[in-house]
Structures are given as C-alpha cells and as structure tokens.
Amino acid sequence: QVQVVESGGGLAQAGGSLRLSCVASGSIYTINGVGWYRQAPGKERELVATINSGGAIVYADAVKGRFAISRVNVKNTTYLQMNSLKPEDTAVYSCNAKGYGLKLRPYDVWGQGTQVTVSS
C-alpha cells in the first residue's frame, strides 16, 4: 500500500512564501506523477501543479510565475514552493500520487491535505 503525507501549510501574509512537502511511502515501485491540488471553501478542487517522472511540469494559470513544483526522487518527496502569496491562494492543498506498487499494482492516492491561509 502507498500513502502520501503533506506538510508545510500554515498562515502567511500576502506577499509571503510557504513551502509544502509531499512524501510518498509504502510499497512503491514507481512514482509516475505527482500533483498538487487545492480546494477553497465553497469551491471545487482545482489543479495547482503537476510533475511527472520525466520532469514535465504543468501549472495552473493562476500560479504561474509564483509557484514552483519540484521533486527529489531518492526521497520520494515532491515540493511546492509558493511565493508572492495572495489571499485567494487560501485553500486546503492536497497531494496526489500515481504510479505502480510492488507486483506492478497501480495506485492513485491522495493525502489528507494541509491548510494554507493567506492574510491580506
């Protein structure tokens, strides 16, 4: 079984920075892609950024130029560096990982989420 755990959320002022971490653990054979998503109160969950095993990255238009996703494969860890934060970035940020576990069983798992609150 594969799990992901997020950390690094908290309170920041507008213009500030936070770095989120997503650590995958368990019976991992490959991690093909990791994505960060967010859900604000009363809104649907939306994509923030994704990175695949080849290093290809996709960002939502709302965060381009401010957020950066990266991964350290040997640590099974994916980061989301968030700079120039805005109050509209306030949301619960969740990590999703897809890949194959032992015996090549596919997995698609979500973390519990971490709250990011940006004050004006």
Side-chain angles (χ1 to χ4, degrees):
Q1 194 154 358
V2 177
Q3 305 88 33
V4 292
V5 177
E6 306 97 335
S7 62
L11 178 64
Q13 291 188 333
S17 298
L18 287 173
R19 188 177 80 158
L20 305 183
S21 300
C22 171
V23 180
S25 63
S27 305
I28 297 170
Y29 182 65
T30 66
I31 301 176
N32 294 351
V34 177
W36 283 99
Y37 296 77
R38 67 186 182 185
Q39 187 168 21
K43 295 187 177 181
E44 294 188 353
R45 184 166 59 194
E46 62 177 2
L47 170 72
V48 177
T50 63
I51 184 168
N52 68 14
S53 57
I57 292 172
V58 174
Y59 291 108
D61 288 343
V63 306
K64 283 180 181 177
R66 300 189 298 121
F67 290 11
I69 189 171
S70 61
R71 58 190 286 183
V72 178
N73 291 332
V74 294
K75 294 184 177 180
N76 289 340
T77 300
T78 303
Y79 301 99
L80 184 68
Q81 178 67 44
M82 306 186 295
N83 300 323
S84 301
L85 284 163
K86 303 176 180 180
E88 51 264 43
D89 294 320
T90 295
V92 174
Y93 285 70
S94 299
C95 175
N96 170 260
K98 297 182 177 64
Y100 290 91
L102 300 181
K103 300 182 180 179
L104 297 183
R105 290 177 178 171
Y107 63 84
D108 182 347
V109 295
W110 291 86
Q112 80 287 352
T114 185
Q115 177 70 45
V116 171
T117 302
V118 183
S119 62
S120 58

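With respect to Arg38, the side-chain contact (heavy atoms from CB on, under 4.5 Å) criterion is satisfied by exactly one of Val63, Leu47, Thr114, Val116: Val63.
Within a 6.0 Å radius of CD in Gln112, more than 12 heavy atoms belonging to other residues, nucleotides or ligands are found. When the shell of 6.0 Å around OH of Tyr59 is examined, it contains more than 12 heavy atoms from other residues, nucleotides or ligands. Heavy-atom contacts from other residues, nucleotides or ligands closer than 6.0 Å to CD of Gln39 number more than 12.
In terms of heavy atoms, Val23 sits closest to Thr77 at CG2-OG1, 3.7 Å. The two atoms that bring Val92 and Gly113 nearest to each other are CG1-CA, 3.9 Å, heavy atoms only. Of all non-hydrogen atoms in Tyr93 and Asp89, the two that sit nearest each other are OH-O, 2.6 Å. Nearest heavy-atom pair across Ala97 and Val34 is CB-CG2, 4.3 Å. The two residues Cys95 and Val4 make their nearest non-hydrogen contact at O-CG2, 3.8 Å. Of all non-hydrogen atoms in Ile69 and Thr78, the two that sit nearest each other are CG1-CG2, 3.8 Å.
Of the possible donor and acceptor atoms, one in the side chain of Thr30 sits under 3.5 Å from a partner among the backbone N and O of Tyr100.
Contact of the Asn52 side chain with the Thr50 side chain is not registered, since no non-hydrogen atoms from C-beta on lie closer than 4.5 Å.
In the hydrophobic clustering of ILVMFWY residues, with side-chain heavy atoms under 4.5 Å counting as a link, Ile57 and Leu20 come out together.
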Notebook entry, point to check: For Trp36 and Phe67, what are the C-alpha separation, side-chain angles and deciding distance, and is it a side chain to side chain contact (heavy atoms under 4.5 Å, CB included)?
Noted result: CA-CA 11 Å; Trp36 283 99; Phe67 290 11; over 6 Å; no

Check: Please walk me through it: do Lys98 and Asn96 pass side chain to side chain donor-acceptor pair (under 3.5 Å)?
Finding: CA-CA 7 Å; Lys98 297 182 177 64; Asn96 170 260; 2.7 Å; yes

Check: Are Asn76 and Arg71 close enough, and set up right, to give a side chain to side chain contact (heavy atoms under 4.5 Å, CB included), and what steps lead you there?
Finding: CA-CA 7 Å; Asn76 289 340; Arg71 58 190 286 183; over 6 Å; no

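The pair Asp61-Lys64 meets the salt-bridge criterion, with a side-chain N (NZ, NE, NH1 or NH2) lying under 4.0 Å from an Asp/Glu carboxylate O.
In this structure, CD1 in Ile51 is found 10.5 Å from CG in Leu80, a value given to the nearest 0.5 Å. From Leu102, atom CG reaches atom OH of Tyr107 across 10.0 Å, with rounding to the nearest 0.5 Å. Here the CG atom belonging to Leu11 is positioned 5.0 Å from the OG atom belonging to Ser119, to the nearest 0.5 angstrom. A distance of 14.0 Å separates OG in Ser120 from NZ in Lys86, rounded to the nearest 0.5 Å. Considering CD of Gln115 and CD of Glu6, their distance stands at 12.0 Å, rounded to 0.5 Å. Between the OG atom in Ser25 and the CD atom in Gln3 there is a gap of 4.5 Å [rounded to 0.5 Å].
Checking Ser17 against Asn83 by side-chain atom types alone, a donor-acceptor pair falls below 3.5 Å.
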